[in-house]
Amino acid sequence: MPLMKIDIIKGRKKSEIKQILDIAYETMLTAFDAPIGDRYQIVTQHEDYEMEILDTGLGVERTEGVIIFTIITRPRTQQQKVQFYREVVNELHDKLNIRKEDVMFSIVENTDEDWSFFKGEAQFLNGTL
């Protein structure tokens, strides 16, 4: 049940944001073997001065096209994570000409007890899901 939070700098067209969301969703379905309809994505747009995304000493230069994906999900294998990173970056580059150096990911793992979809119920724990 991944929840994707996507942080970008303001200025992208609505159609480009939609493509970013679609690429991330489609890739997540295959890489994480998630069911169709398992789509929870939130885009937050920031002023350019609100995001400082440096390179951790790796020598990467970021542009205003930077995209940060924070994915909150059940535990995934190392292979699933690496596949997801690689495929999203390649698709964003191939379809939208987004620099591979401008895409960053962080996966935060949680468990079934950490989700409530409505009514204050734990649907994974009570058998609804």
From [atom1] ([X]) to [atom2] ([Y]), nearest 0.5 Å:
X	Y	atom1	atom2	value
R76	D33	CZ	CG	8.5 Å
H93	I23	NE2	CD1	12.0 Å
E64	H46	CD	NE2	13.5 Å
K5	D7	NZ	CG	8.5 Å

Exercise. Given a cutoff of under 4.5 Å between side-chain heavy atoms of I, L, V, M, F, W and Y, with clusters grown through shared members, what are the other residues clustered with Y49?
Worked result: none
Okay, side chain of [X], backbone of [Y]: is any donor-acceptor separation there less than 3.5 Å?
X	Y	value
R12	Q45	no
R62	D55	no
D114	T111	yes
T30	T27	yes
S116	A122	no

Problem set entry | With R74 via salt bridge (Lys or Arg N to Asp or Glu O under 4.0 Å) - residues at least two apart | D112
For this session: Show your reasoning for whether ring pair (Phe, Tyr, Trp, His ring centres under 6.0 Å) applies to Y85 and F69.
Result: CA-CA 10 Å; Y85 303 151; F69 288 89; 9.8 Å; no
Are [Y] and [X] linked, directly or through intermediate hydrophobic residues, by side-chain heavy-atom contacts shorter than 4.5 Å (ILVMFWY only)?
X	Y	value
I67	V60	no
I53	V108	no
L96	V66	no
I6	L92	yes
M28	I8	yes

Search all heavy atoms of [X] against all heavy atoms of [Y] and return the closest pair with its distance.
X	Y	value
Y25	G37	OH-N, 2.8 Å
E61	D102	O-OD1, 4.2 Å
L3	W115	CB-CH2, 3.8 Å
T73	P2	OG1-CG, 3.7 Å
F32	I71	CE1-CG2, 4.2 Å
M51	I9	SD-CG1, 3.9 Å

Exercise. Of the options Q79, R86, Q80, E87, which is the one that meets Q83 in a side chain to side chain donor-acceptor pair (under 3.5 Å)?
Worked result: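 Going through Q79, R86, Q80, E87 one by one, the side chain to side chain donor-acceptor pair (under 3.5 Å) with Q83 is satisfied by E87 alone.
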For this session: Might you work through the side-chain contact (heavy atoms from CB on, under 4.5 Å) test for I68 and F105, ending with a clear yes or no?
Result: CA-CA 6 Å; I68 309 298; F105 300 91; over 6 Å; no
Problem set entry | Carboxylate-amine/guanidinium contact K10 E47, below 4.0 Å |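 Answer for the salt bridge query: yes.
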Problem set entry | Salt bridge E109-K81, side-chain N to carboxylate O under 4.0 Å |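 Yes, E109 and K81 are salt-bridged.
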Exercise. Is the number of heavy atoms from other residues, nucleotides or ligands within 6.0 Å of CD (Q78) greater than 12?
Worked result: no
Exercise. Counting only heavy atoms not in L58, do more than 12 sit closer than 6.0 Å to its CG atom?
Worked result: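 Buried by this count: over 12 neighbours within 6.0 Å.
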For this session: Could you walk me through whether F117 and Y40 pass ring pair (Phe, Tyr, Trp, His ring centres under 6.0 Å), step by step?
Result: CA-CA 11 Å; F117 295 92; Y40 301 92; 5.8 Å; yes
For this session: Take R39 and D22 through the test side-chain contact (heavy atoms from CB on, under 4.5 Å) and record every step on the way to the result.
Result: CA-CA 10 Å; R39 189 169 188 164; D22 289 346; 2.6 Å; yes
For this session: Carefully, step by step, assess V43 and I20 under the rule side-chain contact (heavy atoms from CB on, under 4.5 Å).
Result: CA-CA 10 Å; V43 173; I20 291 167; over 6 Å; no
